[in-house]
Every structure is written in structure tokens, then in C-alpha cells.
Amino acid sequence: MTKKKRVYINTIGCQMNVYDSGQLMTILKAHGFQETHEVEQADLIIVNTCAIREKAVQKMASFIGRFAGLKQKKPDARMVVAGCVAQQQGKKIIERFPYVDVVVGTHAFRRLPALLEDRELRAAPVVDISMTKDIEKTDSRTLLRHHQTNISEFVTIMRGCDNFCTYCVVPYVRGPEISRSPEDILSEISVLVESGMKEVTLLGQNVNSYGMKEGLCTFPELLKKVNEIDGLERIRFVTSHPKDLSPELIESFGRLEKLCRHIHLPVQSGSDRILKRMNRRYTAGAYLDKIRRLRQTAPDMALTTDIIVGFPGETEQDFYQTLELIRQVEYESLFAFEYSDRPDAPARRFKDKVEPPEKNRRLRELFALQESITRNKQEAMVGRTVEVLVEGESKKQQKQKYPINEASTELTGRTGGNRIVNFSFGLDCNLDINNLKGQTIQVRIEKAFSNSLWGIPVGMEFTSRQNKGGYVHVA
Ligand code: SAH
Ligand code: SF4
Ligand code: F3S
């Protein structure tokens, strides 16, 4: 028997890329490859790339660059560049990195096994960045035979974007919006649930326009169908565009018991002038109104957002309005980025660019504000009892050498509001910890940190080993 070829995938970018990398891995496994987490051992190295900001493109370049010498040492090793930068740059990647074997785009990546064969036949690099109007049907069962299912998984429900925000590269590298059929999505989720998934995050750049073009069901209708899947416990989704956040979707949070009370609603800026230049098609007032209605429906709703600082033309006054909006909403947490020129996006040609040191100052000021909000919110959780879906060993535990059950063990999970909760058990706790994975348990919160909470499972308090580990309490 010939030895299986080992494949290593490095994923840069958003959840879409994480999902696509998972699909790619299962396709390759179905073609006889096996996964490795050691890049040095790989016969096939894939980098799934992101084009959203210049930094992400640099990350790709430094990863590919590191393997310049690899071909000399290991002439049979193959390197593939996939994803959004591959789609954007095509054969330019080969011109810059001649030792790359295959460049495959965001629509074509499912053909990778054939492209690798083609590469051998031609003994030359292969580029496939063709885009299709149809969305592929997934044979969930075949695919999932090779899939390692986690407690929480992503499922893409649509791809592409028709919004054309002026700063954004996504519509160019992912193509127009197109939705998968509800049957296809439900069948994939059901198969994942059968193999152990408890929480699904539905993915799309703008889930609220799900199904519209194709005349399929609406997004709230899809959520209702997903909610009916037996054995599934939690539903999340990203991302909903504020302009399309419909009353029906807001009502879903009150109606569907499995839908987590958390919404990621990227605002980008608190200034109407900047929002207009960004082509976001809502005002700060309209956004705040939707937040108010969400909180009326679900008072415990956790809110997160994305913000861009230093968009061309952003004045101190505009930036101040963004800070004001953050103060008003009080997000649980947020992602914020310095504006980055993208080759295809029109904002590249806008005048009045904000200088890099100024962008950086604004970013730091914004993070300082959010940190104080997050800290207050995290500390307010101490003493409360929360429901946690147990996902596995905590990060700290994974770094420790001893395996589960051999000492005081720390597990991790998340609340419905997406807060990370770590919790410990002592040796004297008579529990099969492995069985806890995938269960929803009650945890009393004892300590708060900036990115996580720490607590003790209710009714399972242990006595001999209190956690004294190296935590830094948020002061
Ligand atoms: N579809 C999602 C966003 C996907 S991109 C939405 O519309 O909300 C994720 C985030 O990256 C965006 O929300 C934005 O905050 C940021 N981003 C996108 N393009 C950017 C750019 N050119 N410079 C800096 N940040 C950018
Ligand atoms: Fe980009 Fe705007 Fe589409 Fe989001 S909605 S992916 S920010 S163009
Ligand atoms: Fe990046 Fe592509 Fe996602 S550009 S953010 S990986 S859609």
C-alpha cells in the first residue's frame, strides 16, 4: 500500500475561509490524503488566503516566502494558494512565487484534486480562478464521512456579496450573492448533528438577503426550519447587514428558543457623512433604532460590531461620533480596524486619506474605550449563574502536558451571548469529564478577565484543588 500524502492547511481570514478549508480538507481526504498539523511533514501545503486588508495579504506572502527553500529539499512537495487573494491575483501569484504549484480561486477550490493531477501532467503551475453562477450542491454524507465534527461548526448558507461598500474587496473576490437551497443546508446540518454537532453558525456576508434572488425561503423562515432540527441546541449567524435587519429577524430572537441572544451587527462608523461615503445605506440613527428594537425583543441581547477607523475623509468630529455611538450601544466586544486601501475597491481613489499614525491613534483610543466597557460588563457577570455549552479543554489546559482526568482539569465553553467561560474540576470530583463535552451546564461565575470568565459548575463544586492558576484579574 502506498503511503497517504499528508496535507497541511493554513487558513487566514474570516469564517467563510474556515468553512471552505474544512470542505477542502474533507474533499482531499476523500481523495486519499491525510491531515497533518506539522507543516514540515506535509507533502501538500495549502494557504487559504484573505484579501480584506493589506496586513492579511502580507501574512500570506510571508507564509509562502518561508517555503521558498522547501522545493529544493523536498522536490515532490506541492504548494497551493487558495482563497480570496488567489481569486484576486491569479497568475500574478505564480509570477511572484514561481515555486507555487496551484492557484485556485474561491469558486473553483472544489476541483483541487483534478488541478493537482493536471499540475503533474503538465509539469507546470496551474491556475483556476473561474467563477460560476451556480452554487455547488454538497453531498453532505459523502463529505462528512471524512469530516471531524466539532461541538460547534460553521455552515455557509450563501456566498458572495452585492452590497459594494466602497472600502470592501469581498464582492470582487467572492462574486455576486447566491444562496444554497434550504434542503441542502438542512441536510448538511442534520448530518453534522448526527455526528455530534450541537451548535451551528450560519454564514453569509449578508444573511438577511438569503434566498431573495432565487425566490427560496426568507432568512427568518430558514432559521425556523433549522430551529426544528432535533438534537441541535444552539443557532448563531453572521453577518447581518444593518440596512436589511428586518422586523421578522428581530422577532425571531423572541420566538426561536435555539437562536442565541447574540447579534454581530457591524456599524463601521457613527458618522452619517462617513457611512454615506462607505455606501452603507443606513444612518447612525436608524442603526440605533434597530438596536433599541432588538433590546426590546430580547433585553439580554449581546451585541458585537465591526468598526473601521481612518476611512478617507474621517475628521476628528466623525471619529468622535463613532466613540459616542459605542458609548451609547455598549457592545460586549468589537473588532476594529484601520482603514486599508484595497486594489479593487473604489475608496482607494478617495481623496483626504488619513495618515497612518493618526489612524493608529484613533484605533488605540477606540480600543481603550471599548476595554472599559467590556471590563464593566465582564465584572457584572461575577456571581451570576450562566448556561454554558461545553466545547472541550480550555486553551490553558491544551498547553499543559497532562491529559484530561489526570489532575485538576479546566474545560471551556460559551454562553448564549458568546462569552467564553472556563471552569475547573478537581480529581476528587467523580465525573467523567469527557462525557461533559457537548452538554449544556450551569456555571457560577467567580472571576472575570478581559476575554473570558472563570467559574465553578453548579452542584459540582470541588474542595481540594481550588484554581490558583496564573490569572491576571481585570483590575
Ligand atoms: N459582510 C460583513 C463584513 C465582512 S469583512 C459586513 O458587511 O458586515 C469584515 C470587516 O472587515 C468589515 O466589517 C470591516 O469592518 C472590515 N473591513 C473590510 N474592508 C476593510 C478595509 N478596506 N479596511 C479596513 N477594514 C476593512
Ligand atoms: Fe463587504 Fe459591505 Fe459586502 Fe460586508 S456588506 S462583505 S463590508 S461589501
Ligand atoms: Fe477575507 Fe475573503 Fe473572508 S477577503 S474576510 S477571507 S471573504
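Every number for a ligand or one of its atoms is a count from 1 in the order of the listing. Numbering starts at 1 and runs along the sequence shown. Nothing here was measured: the structure is a model prediction, and the numbers come from that model.
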Consider ligand 3: state whether an atom of it lies below 4.0 angstrom from any non-hydrogen atom of Q205. yes

Within the 4.0 Å heavy-atom cut-off, what R280 brings close to ligand 1 is side chain

Residue R342 vicinity, atoms of ligand 1 by number, heavy atom under 4.0 Å: 22 (N)

If you scan protein heavy atoms around atom 4 (C) of ligand 1, the nearest is Q205 OE1, 3.4 Å

When rounded to the nearest 0.5 Å, the distance separating CD of E199 from CD1 of I151 is 9.5 Å

Short list, please: which atoms of ligand 2 are under 4.0 Å from a heavy atom of H241? 5 (S)

In the protein, which heavy atom is nearest to atom 19 (N) of ligand 1, and how far is it? Y167 CD1, 3.2 Å

Ignoring hydrogens, just give me the one of C50, C14, G160 whose non-hydrogen atom is nearest atom 3 (Fe) of ligand 3. C14

Hey, could you give me the CG/NZ distance between D43 and K74, rounded to the nearest 0.5 Å? 5.0 Å

With heavy atoms and a 4.0 Å threshold, my read on which part of F337 contacts ligand 1 is side chain

In terms of its nearest heavy atom to atom 4 (Fe) of ligand 2, the top option of K243, R280, R342, M16 is R280

How about S209 and E177: does a side-chain donor come under 3.5 Å of a side-chain acceptor? yes

Considering only protein heavy atoms, which is closest to atom 1 (Fe) of ligand 2, and at what distance to one decimal place? C168 SG, 2.3 Å

The answer for which part of S340 has a heavy atom under 4.0 Å from ligand 1 is both

Could you tell me whether T239 approaches ligand 1 through its side chain, its backbone, both or neither, with non-hydrogen atoms closer than 4.0 Å? side chain

Closest approach of any protein heavy atom to atom 5 (S) of ligand 2, naming residue and atom: N163 ND2, 3.4 Å

Part of F164 with heavy atoms under 4.0 Å of ligand 2, whether side chain, backbone, both or neither: backbone

Going by an N to O cut-off under 4.0 Å, is there a salt bridge joining D318 and R277? no

Which segment of R53 sits under 4.0 Å of ligand 1 when only heavy atoms are counted: side chain

What about the rings of Y172 and F164, do their centers lie closer together than 6.0 Å? yes

Examine ligand 3 and decide if any of its atoms is less than 4.0 Å from a heavy atom belonging to R174. yes

Check each heavy atom of C165 against ligand 2 and say whether those closer than 4.0 Å belong to the side chain, the backbone, both or neither. both

For N451, I'd like to know if atom CG has over 12 heavy atoms of other residues, nucleotides or ligands within 6.0 Å. no

Applying a 4.0 Å heavy-atom criterion (strictly less than), which segment of P266 is in contact with ligand 2: side chain, backbone, both, or neither? neither

Atoms of ligand 1 under 4.0 Å from any heavy atom of Y339, numbered from 1 in the order shown, are 23 (N), 24 (C)

Go through ligand 1 atom by atom and flag the ones less than 4.0 Å from a non-hydrogen atom of Q268. 12 (C), 13 (O), 14 (C), 15 (O)

Numbering as shown, the atoms of ligand 3 that approach N17 to under 4.0 Å (heavy-atom distance): 6 (S)

Within the 4.0 Å heavy-atom shell around P266, which atoms of ligand 1 are there? 8 (O)

Determine whether E332 and Q378 make a side-chain contact, defined as any pair of heavy atoms from C-beta on separated by less than 4.5 Å. no

Taking only heavy atoms of D306, which atoms of ligand 1 are found under 4.0 Å from at least one of them? 9 (C), 10 (C), 12 (C), 13 (O), 15 (O)

Does A51 have a non-hydrogen atom less than 4.0 Å from ligand 3? yes

